Protein chains: 2
Amino acid sequence: MLYGMDTHPPAPPTGAASRLHARVLDELGVAICGGGFAPGTVLYVDELVERCAVSRSVVREVLRVLASMGLVEARRRVGTRIRPPADWNVFDPQVIRWRLASDERLVQLRSLTELRAAVEPQAALLAARRASAADAAELVALAAKLWAAAESGDEPGFLSADIEFHRRVLLHSGNEMFAGLRELVAESLTGRHHYHLMPHHPDQRALTLHADVAQAIQRRDGERARTAMTALTQQIHDEMKDGWEPSGG
Amino acid sequence: MLYGMDTHPPAPPTGAASRLHARVLDELGVAICGGGFAPGTVLYVDELVERCAVSRSVVREVLRVLASMGLVEARRRVGTRIRPPADWNVFDPQVIRWRLASDERLVQLRSLTELRAAVEPQAALLAARRASAADAAELVALAAKLWAAAESGDEPGFLSADIEFHRRVLLHSGNEMFAGLRELVAESLTGRHHYHLMPHHPDQRALTLHADVAQAIQRRDGERARTAMTALTQQIHDEMKDGWEPSGG
DNA sequence: GCCTTGATTACGTCTGATTTATGGGCCTAG
DNA sequence: CTAGGCCCATAAATCAGACGTAATCAAGGC
């Protein structure tokens with residue numbers, strides 16, 4: 001009488017898919033952000049109940065969440081329509097992940113990189129004013145750890161230290177919205193690494209600039225922190241530009 | 001109590017689908033973002049069913065949406081816990097609106113203003129490279145309209161032209177994430193106006209800078225567009241600083 | 001003292017019925 | 001033939017109740 005009596009559960013206990021909601025949400029999110037449905041396409045609850053083999057409650061809750069992300073819009077008597085990409089909440093972490101998994105990943109990475117170039121210098125400036133002494137000291141230590149990881153060729157250690165460094169600058173900017181971008185920067189760096197848009201042996205100049213940012217923040221020199229971070233994000237931007245401008249525009 | 005009258009709600013304005021879902025979502029969102037529940041507080045579905053006088057489906061769908069915003073986290077056998085503000089999706093338009101309606105509105109406005117100061121100059125730079133000729137021309141026209149509205153003392157016209165100007169610069173930056181901030185800038189300007197943090201007779205220098213930005217974008221002078229927009233956002237920041245630093249820090 | 005085990009609990013999922021509002025067809029009036 | 005209002009089929013919105021599931025906590029055994 002219950003679900004799946006005759007059809008064995010598709011996900012054994014090993015899978016994290018024990019959450020139907022998460023599974024269907026991810027399935028639909030990937031499909032929409034990946035262009036699987038053209039804007040204006042209409043979905044129906046009953047249709048999704050069949051296609052995803054889950055109950056109406058699961059489908060409805062998923063559609064509510066997608067609607068709150070701006071991906072779909074439910075209308076009585078019509079159905080649930082796919083909204084155009086311009087209406088999506090492009091700052092929602094899930095949407096960013098789905099887009100990074102789609103064909104548009106380079107566009108998404110470019111957007112993230114340009115956003116970082118705008119935000120991180122300002123965050124460094126504010127961190128120089130607002131970070132506590134202990135937090136500033138930890139930033140210097142992180143820059144040193146980054147340096148060491150690069151010298152010893154420890155790639156995973158380098159990536160995680162790099163992520164942590166930028167996360168903390170954003171966090172200590174004292175601005176909740178800058179801080180809200182910290183997971184996004186982590187996604188960006190991971191994505192850059194995953195798609196091999198990163199130089200394999202870290203640039204010496206980048207290491208120097210990380211150290212400069214940390215030192216300037218500790219010495220409360222906001223302008224220098226901003227300048228160094230600008231140079232850093234500019235270098236990142238230049239390194240990645242080849243990825244989306246293959247012909248060198 | 002909340003809506004005052006027991007008569008029909010004054011406006012079922014746009015056919016915004018559900019009544020109950022939107023009502024309960026807003027009620028809980030305002031309560032959480034307004035500090036009505038301390039982080040760690042546990043909510044229960046059955047309790048909310050009683051308190052809000054709606055069915056389980058409505059409550060569950062609302063909690064799913066709140067969870068996707070990072071405001072709550074459901075755990076089996078425990079209940080649904082309020083998450084700390086650091087975990088909230090502070091870029092979700094709903095969360096921003098709830099925070100602007102709370103006691104933290106000045107903190108939220110400061111964050112928005114600092115974010116604008118970081119993003120809009122870069123957006124102006126990119127718009128100078130990427131905006132179409134027609135879009136650039138419309139920007140110049142909007143700056144002129146802004147000027148005219150200021151001269152004739154048309155406050156509502158000034159506000160709407162101001163919002164539209166900044167929206168379009170973000171939109172024509174060619175970066176989807178910058179463009180995604182356009183509604184947020186609208187909220188920021190509206191909030192600034194609503195809480196009287198805006199000079200009543202617009203500053204002459206601000207008008208000049210708007211015109212400069214538009215002209216620089218039309219002439220494809222990215223650096224000048226960025227410089228002018230930096231001056232503009234800096235001036236906005238200075239004007240509002242009195243609001244959150246009353247004693248002149 | 002640590003691990004196992006079982007009862008308890010609140011979320012998660014499923015199902016069926018009912019209500020609501022809305023887009024389009026149809027009809028009437030100008 | 002067009003404009004405006006009424007009717008109805010439709011799909012979402014809501015309600016109500018049941019059962020499954022996993023995580024917690026405490027009792028009991030090693």
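Naming: A, B, ... by sequence-line order, numbering from 1 per chain. Just so it is clear, the model here is predicted, and its values are computed rather than measured.
- Phosphate proximity of D:dA11 to A:Arg81: absent, as no side-chain N or O sits under 4.0 Å from OP1 or OP2.
- For the pair A:Arg60 and D:dA13, the criterion of a side-chain N or O lying under 4.0 Å from OP1 or OP2 is met.
- Listed by residue number, the members of residues 37-52 of chain B with any heavy atom below 4.0 angstrom from DNA chain D form an empty set.
- Taking atom CD of residue A:Glu61 and atom C1' of nucleotide D:dA12, one finds them 15 Å apart after rounding to whole Å.
- Taking only side-chain atoms of B:His21, from C-beta outward, the nucleotide of C:dG12, C:dT15, D:dT14 with the closest atom is D:dT14.
- Scanning for side-chain hydrogen bond (donor to acceptor under 3.5 Å, both in side chains) contacts around A:His193 gives A:Glu155, with sequence neighbours left out.
- Proximity of B:Ser55 to the phosphate of D:dT14: no side-chain N or O atom is located under 4.0 Å from OP1 or OP2.
- With sequence neighbours left out, A:Ser152 forms a side-chain hydrogen bond (donor to acceptor under 3.5 Å, both in side chains) with no residue at all.
- Atom CG in A:Leu25 sits about 14 Å away from atom P in C:dG12, given to the nearest Å.
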N/O-N/O pairs, protein side and nucleotides 23-28 of chain D side, under 3.5 Å:
residue, atom, partner, partner atom, Å
D:dT24, OP1, B:Arg75, NH2, 2.6

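- Pairs passing the salt bridge (charged side-chain N to carboxylate O under 4.0 Å, His left out) check and including a residue from residues 48-57 of chain A, sequence neighbours excluded, read A:Glu47-A:Arg51.
- Atom CG of B:Leu20 and atom P of D:dA12 are 17 Å apart (whole Å).
- Within the structure, every pair that satisfies the ring pair (Phe, Tyr, Trp, His ring centres under 6.0 Å) test and touches residues 65-99 of chain B, not counting sequence neighbours, is listed here: A:Phe91-B:Phe91.
- Applying the salt bridge (charged side-chain N to carboxylate O under 4.0 Å, His left out) test to residues at least two apart or on different chains, the pairs with a partner in residues 185-194 of chain B are B:Arg97-B:Glu187, B:Arg192-B:Glu239.
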Take A:Arg130 and B:Glu114 through the salt bridge (Lys or Arg N to Asp or Glu O under 4.0 Å) test and state the conclusion after the steps. CA-CA 14 Å; A:Arg130 299 173 180 165; B:Glu114 285 176 359; 2.6 Å; yes
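- Applying the side-chain hydrogen bond (donor to acceptor under 3.5 Å, both in side chains) test to residues at least two apart or on different chains, the pairs with a partner in residues 137-149 of chain B are B:Glu138-B:Arg168.
- Legend: ring pair (Phe, Tyr, Trp, His ring centres under 6.0 Å) pairs involving residues 163-183 of chain A, not counting sequence neighbours, sorted by first then second residue: A:Phe165-A:His210, A:His166-A:His210.
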